[in-house]
Amino acid sequence: MSKYKENKLYIFNTLNRKKEVFQAMNPPHVGMYVCGPTVYGDPHLGHARPAVTFDLLFRYLKHLGYKVRYVRNITDVGHLESDADEGEDKILKKARLEQLEPMEVVQQYTNSYHDSMARLNVLPPSIEPRASGHIIEQQVMAEEILENGYAYESNGSLYFDVIKYHKDYNYGRLSGRVLEDLISNARELEGQEEKRNSVDFALWKKAAPAHIMRWPSKWGEGFPGWHLECSAMSSKYLGKRFDIHGGGMDLLFPHHECEIAQSVAATGKDAVRYWMHNNMVTINGQKMGKSLGNFVTLKELFTGSHKLLEKSYSPMTIRFFMLQAHYGSTLDFSNEALAAAGKGLVRLMSTLKVLDRLEPGGAPGSLDIGEFEKKAYGAMNDDLGSPQLIAHLFDTSRFINSAFAGNDSITAGDLERLRHLFGSFVSDVLGLTGEEDREIGGLVSKLVDLLLNIRLEVKKKKDFELSDRIRDELASFGIEVRDKKDGFEWEIKG
RNA sequence: GGUCGCGUGGCCGAGUGGUUAGGCAGAGGUCUGCAAAACCUUGUACGGCGGUUCGAAUCCGCCCGUGACCUCCA
């Protein structure tokens, strides 16, 4: 029995600004598309948020029994820089600075992105298409839009005719923009003469002579407009109409608004049924930006090599921290908050280990396992309420520890159920892994055991000076010793 | 300037028209030779001013603060 039949998953659909029951078009199949990174630099905190958010959705949908095709693109066709730099392409610029071939830059940072995502335990998507590998598809879609009369050619470039489109459809219904306001608020920018109107956007852009990334087309040598890749690739792999499209709130306008316009102009229909947007990350209450000097890459977080960081934070701590906030809220990073999340994570993960060793007792004890199950699913069904889910896990964690300490009990049947539930929510749904189980060589393990067994004998002789010395020195290597009634436990701590 | 969002206790962060979020930090206790871990108990709260209501932190208005976006920039 698939769980999705008995769970009503509500998700906040940006299109209607309401929580709606998620109903797959063709259950058990679900198609979901998420805007991936432009690979011109190491991934930063801002990249981790959508990755973790939609990884949570991907995992939960799979947990519910859906067969999910998750498409997340890599934008490797450079896009133009806005500030100061006279419209220079990001990837080209990086390539010149680092004296690399543009595709070399793309490969390097794609690898870097994959590496950081893997460390965050973000599952790889089912398909990860690259914009540069779908030039034809983008040209075909541009052609369809042109044929339908919603685009025009101008000096070797192709532009989307927003005004024309708005007469037949509704430009702005996702982002809540009013076209007239957009037109009246438009800034005077250079290189706009080719457009009929300032609100028009490029489907295909003629390449300037210096532009290395270029492809032939019937309109001349050039490259696709930024918004087009997502429309073309999503429809290629998910069909003309699919279930979920996700991305950061910063992409809502113009990117996603333009995607809608493109799909409707090409096919006459909306492609996406549920639009989901994760909120942004701030650092010490400030927006993250290169100019503000608070731009932190994931590598820097993992190693602690940034002047704002007091220490390094493990990938799992970052992941846990993000999951403790709802994806729709802004999330503020600070050393204090990260450190707190790190400790909370250790607590949760050690409960998982305790649960493994917990023995059932005859008495039912205080845990209502059915209630726990209901609350856990209820939290996730409410627009991915990972913070509430985690709160319920902590509540249950207290019970597990109490039972382990002999102050509570659980029946064998309930224990089995609890292990399954607790484990699958922590590991499968939230995607949290016990990274503190680092590789300990068998030899090290034996040596520590030997030392602690000797310490046990020393303790029996009440030589606490020596026994404390052993414990303290082990602690200085990062080995935490915990004395038990008739033995000991130890663990390597970060 | 325009559009949209947010403002919760020392820190982070849920939630709700009248009943405990949770984590971290703090205080007290149990256990322990001492620790650690665990468990028990515990304080501090809803930006400001008005309004609606029997009752609002939760709804409405204004103000302040803050964030995102504003056309080829994730």
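Each chain gets a letter, A, B and so on, in the order its sequence line appears, and its residues count up from 1.
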Reading RNA chain B from 5' onward, which residue's closest nucleotide shows up sooner: A:Lys462 or A:Ile390?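 On the 5' side of the pair lies A:Ile390.
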Sub-6.0 Å ring centroid separation between [X] and [Y]:
X: A:Phe321; Y: A:Phe333; value: yes
X: A:Tyr159; Y: A:Phe201; value: no
X: A:His256; Y: A:His227; value: no

Do the side chain of [X] and the base of [N] come within less than 3.5 angstrom through a donor-acceptor pair of N or O atoms?
X: A:Arg17; N: B:rC4; answer: no
X: A:Asp483; N: B:rC34; answer: yes
X: A:Asn279; N: B:rG5; answer: no

Distance-only donor-acceptor hits, side chain of residues 385-395 of chain A, under 3.5 Å, sequence neighbours excluded:
residue, atom, partner, partner atom, Å
A:Ser386, OG, A:Leu323, O, 2.7
A:His392, ND1, A:Gln388, O, 3.1

Taking atom CZ of A:Arg173 as the centre, does the number of heavy atoms from other residues, nucleotides or ligands within less than 6.0 Å exceed 12?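 Check passes, neighbour count above 12.
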Identify all pairs in which a protein N or O lies below 3.5 Å from an N or O of nucleotides 13-15 of chain B, and state each distance.
residue, atom, partner, partner atom, Å
B:rG13, OP1, A:Asp332, N, 3.0
B:rG13, O2', A:Gln324, O, 3.4
B:rA14, OP1, A:His326, N, 2.8
B:rA14, OP1, A:Ser329, OG, 3.0
B:rA14, O3', A:Gln388, NE2, 3.4
B:rA14, O2', A:Gln388, NE2, 3.3

The side chain of A:Ala391 is closest to which nucleotide in this list: B:rU71, B:rA21, B:rG33?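 Closest nucleotide to the A:Ala391 side chain: B:rA21.
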At less than 4.0 Å, is any side-chain N or O atom of A:Lys375 found next to OP1 or OP2 of B:rA21? Yes or no.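 Checking B:rA21 against A:Lys375, no side-chain N or O comes under 4.0 Å of OP1 or OP2.
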Closer than 4.0 Å, any side-chain N/O of A:Arg398 to the OP1 or OP2 of B:rG23?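 Yes.
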Between [atom2] on [N] and [atom1] on [X], what's the gap in Å once rounded to a whole number?
X: A:Met322; N: B:rG23; atom1: CE; atom2: C1'; answer: 17 Å
X: A:Leu251; N: B:rU3; atom1: CG; atom2: P; answer: 22 Å
X: A:Trp490; N: B:rA36; atom1: CH2; atom2: P; answer: 21 Å
X: A:Glu489; N: B:rA37; atom1: CD; atom2: P; answer: 12 Å
X: A:Arg177; N: B:rC4; atom1: CZ; atom2: P; answer: 9 Å

Sequence neighbours left out, what passes ring pair (Phe, Tyr, Trp, His ring centres under 6.0 Å) with A:Phe425? Give chain and number order.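 Once residues adjacent in sequence are excluded, the partners of A:Phe425 under the ring pair (Phe, Tyr, Trp, His ring centres under 6.0 Å) criterion are A:His63, A:Tyr377.
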For A:His134, give me all partners under ring pair (Phe, Tyr, Trp, His ring centres under 6.0 Å), at least two apart in sequence or on another chain.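 Residues passing ring pair (Phe, Tyr, Trp, His ring centres under 6.0 Å) with A:His134: A:Tyr237.
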When you compare the ring of A:Phe464 with the six-membered ring of B:rG33's base, are the centres less than 5.5 Å apart and the planes under 30° from each other?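 Stack criterion met.
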Is the cationic atom of A:Arg177 (NZ for Lys, CZ for Arg) positioned less than 6.0 Å from the six-membered ring centroid of A:Phe253 and within 45 degrees of its normal?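 Positive - A:Arg177 is close enough to the ring of A:Phe253 and near enough to its axis.
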Using atom P of each nucleotide, how far apart are B:rG50 and B:rG15 to the nearest Å?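 Those two atoms are separated by 29 Å.
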Mind checking A:Asn401 for me? I need base, sugar-phosphate or nothing, with any heavy atom below 4.0 Å counting as a touch.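 Since only primed, P, OP1 and OP2 atoms lie under 4.0 Å of A:Asn401, the category is sugar-phosphate.
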Would the distance check show the side chain of A:Arg49 and the main-chain N or O of A:Met280 forming a donor-acceptor pair, the cut-off being under 3.5 Å?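 Yes, A:Arg49 side chain to A:Met280 backbone: donor-acceptor pair under 3.5 Å.
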Distances under 3.5 Å between protein N/O atoms and the N/O atoms of nucleotides 24-29 of chain B, please, pair by pair.
residue, atom, partner, partner atom, Å
B:rA25, OP1, A:Lys343, NZ, 3.0

Would you list the protein and nucleotides 59-61 of chain B atom pairs, both N or O, that sit under 3.5 Å from each other?
none

